[in-house]
Q: 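Mind having a look at this structure? Questions to follow.
Residue numbering restarts at 1 for every chain, and letters A, B, ... go by the order of the sequence lines.
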Protein chains: 2
Amino acid sequence: METLRERKKRRTRESLLRAALELFTTQGYEHTTVDEIAEAVDVSQRTFFRYFAGKEEVAFAVQNITEAAFVAAVRARPPHEAPMKALRQAFLEGWDAIRETVESLVPVELYLRMYRTIESTPALLAAHLRRSAATEETLARLLAEREGVDVDTDPRPRLAVAVFAGVIRVTERQCSLREDFGPEALRTLSAAYLDQVGSALTGNWRAA
Amino acid sequence: METLRERKKRRTRESLLRAALELFTTQGYEHTTVDEIAEAVDVSQRTFFRYFAGKEEVAFAVQNITEAAFVAAVRARPPHEAPMKALRQAFLEGWDAIRETVESLVPVELYLRMYRTIESTPALLAAHLRRSAATEETLARLLAEREGVDVDTDPRPRLAVAVFAGVIRVTERQCSLREDFGPEALRTLSAAYLDQVGSALTGNWRAA
DNA sequence: TTGTCAACTGTCAGTGACTGTCACTAGCCT
DNA sequence: AGGCTAGTGACAGTCACTGACAGTTGACAA
């Protein structure tokens with residue numbers, strides 16, 4: 001059971017989150033000040049910083065949840081599955097469950113708009129890539145444990161995850177530039193790209 | 001021939017650069033203020049910002065040069081070479097030429113120390129990854145042109161570059177944590193990792 | 001050499017992201 | 001009801017960065 005105090009806190013936090021994403025996606029991240037966000041929710045600037053460590057953190061609050069869901073999805077894959085296959089399946093099949101979690105916090109449409117804002121704002125893109133790097137490390141350790149190899153002496157877990165993440169990055173970027181950006185487009189395109197990695201590495205592109 | 005004014009400018013810029021790297025690597029990036037850097041060279045803070053767009057830019061001034069050198073090395077590879085091979089060779093063989101260019105600006109030892117600082121400072125790591133992403137885009141376009149494919153319809157150039165960059169990232173991180181961090185270690189390790197990518201993707205790790 | 005112009009620089013004031021402090025209010029618990 | 005404490009607002013201060021303006025110095029022609 002949630003006490004009144006906790007309810008108020010949660011409401012303030014979610015209000016700040018929604019207000020921030022709304023402002024970021026409409027007038028741009030750089031042109032939005034923390035004061036504006038605080039004012040929109042009618043709290044002091046100091047209070048904003050009590051809920052979020054910084055302007056950047058609020059921009060990634062939803063991403064935090066989807067990332068955690070993805071890692072959990074990988075963890076839930078059957079242990080006999082090959083590493084790359086586990087990553088692939090978790091990514092392709094996880095989207096529907098993630099969608100619900102997101103919707104309980106903010107409209108999915110706002111989430112997608114925020115995604116585009118991240119891709120097109122240098123400061124946010126940088127933060128996104130660093131956060132992805134952290135997730136990659138988590139995944140590498142996860143796969144290493146699954147397969148019973150030592151992540152510090154065997155480079156294969158990190159290599160596999162790096163390649164997977166690289167492909168997803170290309171997909172994300174491609175999708176965020178297209179009009180039909182959504183879970184379905186992301187799924188079909190990433191599936192296609194994951195299939196093509198092999199030929200991209202070894203193939204003679206001019207042959208076709 | 002270099003005029004007196006130009007000489008003075010170059011000296012100020014290089015002094016600022018060296019002072020900044022020295023301070024960043026000894027007391028840390030976050031704990032170094034722009035005022036400190038300016039004071040160390042005895043110029044005003046305003047002047048610092050006339051030479052460098054921000055605190056971040058000075059941290060990557062040397063990386064800028066090495067990155068440009070790498071792209072140039074790829075561009076100089078024989079046109080018949082397969083894409084991945086061109087990337088690989090440019091990276092492995094380019095290091096000696098790069099070393100000289102770096103040394104003319106700052107001691108290589110300082111450059112390597114700065115590299116570690118970048119890897120271990122979240123804000124700098126984020127910037128580094130974003131800069132790498134920009135370089136990847138350049139390389140993808142370069143390879144696409146070489147091979148005569150369209151970078152916007154054929155995903156293979158971006159995929160190949162993403163995989164290559166991913167492997168290099170793993171190598172960089174591994175190296176920056178080791179004691180024997182240097183061009184040689186970087187070369188041997190990246191060569192080894194590039195060889196293992198295939199098996200990391202397809203292989204059954206538990207077999208060995 | 002000297003004077004003029006343009007480039008370079010310092011000073012100052014201002015914004016925006018953050019942080020520490022402190023007093024105050026409002027929910028919680030007895 | 002009253003004490004305790006989490007949560008908040010107000011205020012002051014730091015640091016990165018920017019614009020405006022004035023002073024200084026090297027370049028170049030007369």
Q: Closest to the A:K55 side chain: D:dG9, C:dA17, C:dG27?
A: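 Comparing D:dG9, C:dA17, C:dG27 against the side chain of A:K55, the answer is C:dA17.
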
Q: Between D:dG9, D:dC15, C:dT9, which one does the side chain of B:T33 approach most closely?
A: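 Nucleotide nearest to B:T33's side chain: D:dC15.
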
Q: Counting side-chain heavy atoms from C-beta on, which of D:dG7, D:dG26, C:dC18 comes nearest to A:F49?
A: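 The answer is C:dC18.
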
Q: How many whole angstroms separate atom CZ of B:F48 from atom C1' of D:dG19?
A: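 Rounding to the nearest Å, CZ of B:F48 and C1' of D:dG19 are 18 Å apart.
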
Q: How would you label the contact of B:Y51 with the nucleic acid (heavy atoms, under 4.0 Å): base, sugar-phosphate, or nothing?
A: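 Counting heavy atoms under 4.0 Å across all strands, the contact made by B:Y51 is with sugar-phosphate only.
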
Q: Whole angstrom is fine here: how far is it from CZ in A:R50 over to P in C:dC18?
A: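 After rounding, the gap between these two atoms is 15 Å.
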
Q: Can you tell me how far P of D:dA16 sits from CD of B:Q45, to the nearest Å?
A: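 The distance from CD of B:Q45 to P of D:dA16 comes to 8 Å, rounded to the nearest Å.
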
Q: Would you kindly give the CZ-to-P distance between B:R13 and C:dC8, to the nearest whole Å?
A: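 To the nearest whole Å, that distance equals 13 Å.
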
Q: Rounded to whole Å, how long is the line connecting atom NZ of B:K9 with atom P of C:dT9?
A: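 Value for this atom pair: 8 Å.
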
Q: Rounding to a whole Å, what distance do you find between A:E30:CD and D:dA16:P?
A: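 It is 18 Å, rounded to the nearest whole Å.
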
Q: In a check of salt bridge (charged side-chain N to carboxylate O under 4.0 Å, His left out) between B:E119 and each of B:R169, B:R173, B:R178, which one passes?
A: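 Result: among B:R169, B:R173, B:R178, B:R169 is the only option passing the salt bridge (charged side-chain N to carboxylate O under 4.0 Å, His left out) with B:E119.
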
Q: Could you check how far CZ of B:R10 sits from P of D:dG26, rounded to whole Å?
A: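 Taking CZ of B:R10 and P of D:dG26, I get 17 Å after rounding.
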
Q: Between C:dT9 atom P and B:E39 atom CD, what is the distance in whole Å?
A: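 Checked: the CD to P distance equals 18 Å.
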
Q: Looking only at side-chain atoms of A:R46, point me to the closest of D:dA20, D:dA10, C:dC8.
A: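 Of D:dA20, D:dA10, C:dC8, D:dA10 is nearest to the side chain of A:R46.
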
Q: Which residue lies toward the 5' end of DNA chain D, B:G54 or B:E6, if each is placed at its nearest nucleotide?
A: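 Closer to the 5' end of DNA chain D: B:G54.
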
Q: Give a yes/no on whether any side-chain N or O of A:K8 is located under 4.0 angstrom from OP1 or OP2 of C:dG27.
A: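 A:K8 to C:dG27 OP1/OP2: side-chain N or O found under 4.0 Å.
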
Q: Please determine, for the side chain of A:D35, which listed nucleotide (D:dT8, D:dC21, C:dA17) has the closest atom?
A: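 Between D:dT8, D:dC21, C:dA17, the one nearest the side chain of A:D35 would be C:dA17.
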
